[in-house]
Amino acid sequence: MRPCSRLLALAACISTSGGLTGCAYVEYRRTYALSVSVPETERAPLSDALDHFFAQRGLVLKQKYRDLYPRNVLASAFEIPRTRADDRRDPLLFVTTSDNGLVQLIQSEWYFDTKREPEDLVALAKPELLKAITATIGGKPNLIFDPRGAGGRSP
Amino acid sequence: MNCWLAKLGLSGLVLLAACTSINKATFAIEPQEPVASDEMLRGVEECFRTLGVELQRKTDFLYPETRKETTYFLGHRELPLALQSTYRHAVLRLEHSGILYVDWVEITDLRRELKPEFFGPLHAKIAAELKTRLGIDVVFQFIPPTPPQEARPQTRAAD
């Protein structure tokens, strides 16, 4: 086969395989940010309180880590329990606290685009969540939906 | 029919070729004299810095096990027409057990075995630097890869 024929065959294969596999899973992603900057001394206690809060609601803490470089970020990664019927890929909730005191809650999971969209976990738990946050850091914090998910570190 | 079968076969081939492979060679960095594991990690990090390697990420894992990871970016190579690209990284891993590992990682389109002997000269350079810096001899012990496990969800937040 000549090189140009090879290239044409390759292009045909790519288009055929694209059609065969498709891309049926789409990402559901919601980011919320705490309206107040959390002081350094209260970041670890707040992170522990949020770990406890989500564990009580059946989420499974998979990993907790502190990024030291390029930014100092404390993160907890939870697996959201899903059934086989839900048919989700990587259902995760991240709680991150950045070095500037920004706390973000990021829900990310992949669902089959013909099925029902996942529910917004943070919106559902918001009243109790705010109570738990207020009990730790005081004041009148609020959780604000961030459509861009920027400002801190996102998964 | 034959044409369709050929197309299907070729599609499979392309799909296989298009899959991202993570080729990895792991070595335990074994000190020949007693030395604190954190000191070892710091020493090897210093070596990497001296070698001019770009630090990409540094993380302390707290749960389910304590572990320290330092990731370096070694480079990116792309073949013409973007038919194949390769990203190379090095990860220093100080495990809960106190053993320090280095993973030489290649994220690419082609699965291949990374030959341990390929890293010999680089390891010799790091070992010489450690000898100067910490005054200790180290041996890079190749850890053969374990059979592939079931894919797990990626739980680490990325940039």
Side-chain angles (χ1 to χ4, degrees), chain A residues 1 3 6-21 31 44 47-48 51 55 59-80 82 88-98 104-106 108-110 149-150 152-155, chain B residues 2-20 38 41-42 45 48-49 53-73 79-84 89 91-96 109 150-159:
Chain A
M1 207 187 257
R6 269 189 206 162
L7 270 177
L8 277 175
L10 192 68
C13 286
I14 290 166
S15 64
T16 313
S17 59
L20 284 173
T21 53
T31 302
S47 172
D48 290 342
D51 288 350
L59 274 71
V60 184
L61 181 62
K62 299 295 284 185
Q63 227 171 49
K64 184 157 181 158
Y65 55 89
R66 182 183 287 283
D67 272 336
L68 303 169
Y69 182 86
R71 289 188 63 189
N72 194 330
V73 179
L74 182 62
S76 299
F78 296 89
E79 187 174 308
I80 305 164
R82 297 294 185 204
R88 305 276 164 76
R89 300 269 170 93
D90 298 344
L92 296 167
L93 177 78
F94 289 94
V95 180
T96 65
T97 310
S98 301
Q104 285 185 311
L105 293 96
I106 306 149
S108 166
E109 54 188 302
W110 294 77
R153 183 164 202 167
S154 57
Chain B
N2 274 346
C3 176
W4 271 106
L5 279 175
K7 254 189 174 181
L8 209 64
L10 278 170
S11 303
L13 209 70
V14 168
L15 276 178
L16 275 179
C19 284
T20 302
D38 276 314
L41 176 65
R42 270 198 301 276
E45 282 175 345
F48 274 71
R49 202 178 62 80
V53 184
E54 184 190 331
L55 174 63
Q56 193 175 42
R57 195 164 189 174
K58 192 168 161 65
T59 304
D60 278 0
F61 288 88
L62 310 166
Y63 179 87
E65 257 188 3
T66 53
R67 187 173 88 239
K68 291 179 180 181
E69 267 190 26
T70 313
T71 306
Y72 296 89
F73 179 67
L79 286 184
L81 297 173
L83 283 175
Q84 192 212 334
H89 301 266
V91 183
L92 290 176
R93 237 178 340 115
L94 179 58
E95 292 287 347
H96 184 65
D109 308 299
E150 210 175 295
R152 285 175 300 176
Q154 176 71 39
T155 49
R156 186 169 164 184
D159 282 323

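For B:Tyr63, there are no ring pair (Phe, Tyr, Trp, His ring centres under 6.0 Å) partners two or more places apart in sequence or in a different chain. Qualifying salt bridge (charged side-chain N to carboxylate O under 4.0 Å, His left out) partners for A:Glu109, counting only residues two or more places apart in sequence or in other chains: A:Arg82, A:Arg88.
With a threshold of 4.5 angstrom between heavy atoms, A:Leu61 approaches chain B through its backbone and through its side chain.
From A:Asp67, atom CG reaches atom CD of B:Glu69 across 10.0 Å, with rounding to the nearest 0.5 Å.
Shortest non-hydrogen contact noted between B:Gln56 and A:Pro70 is O-CD, 3.6 Å.
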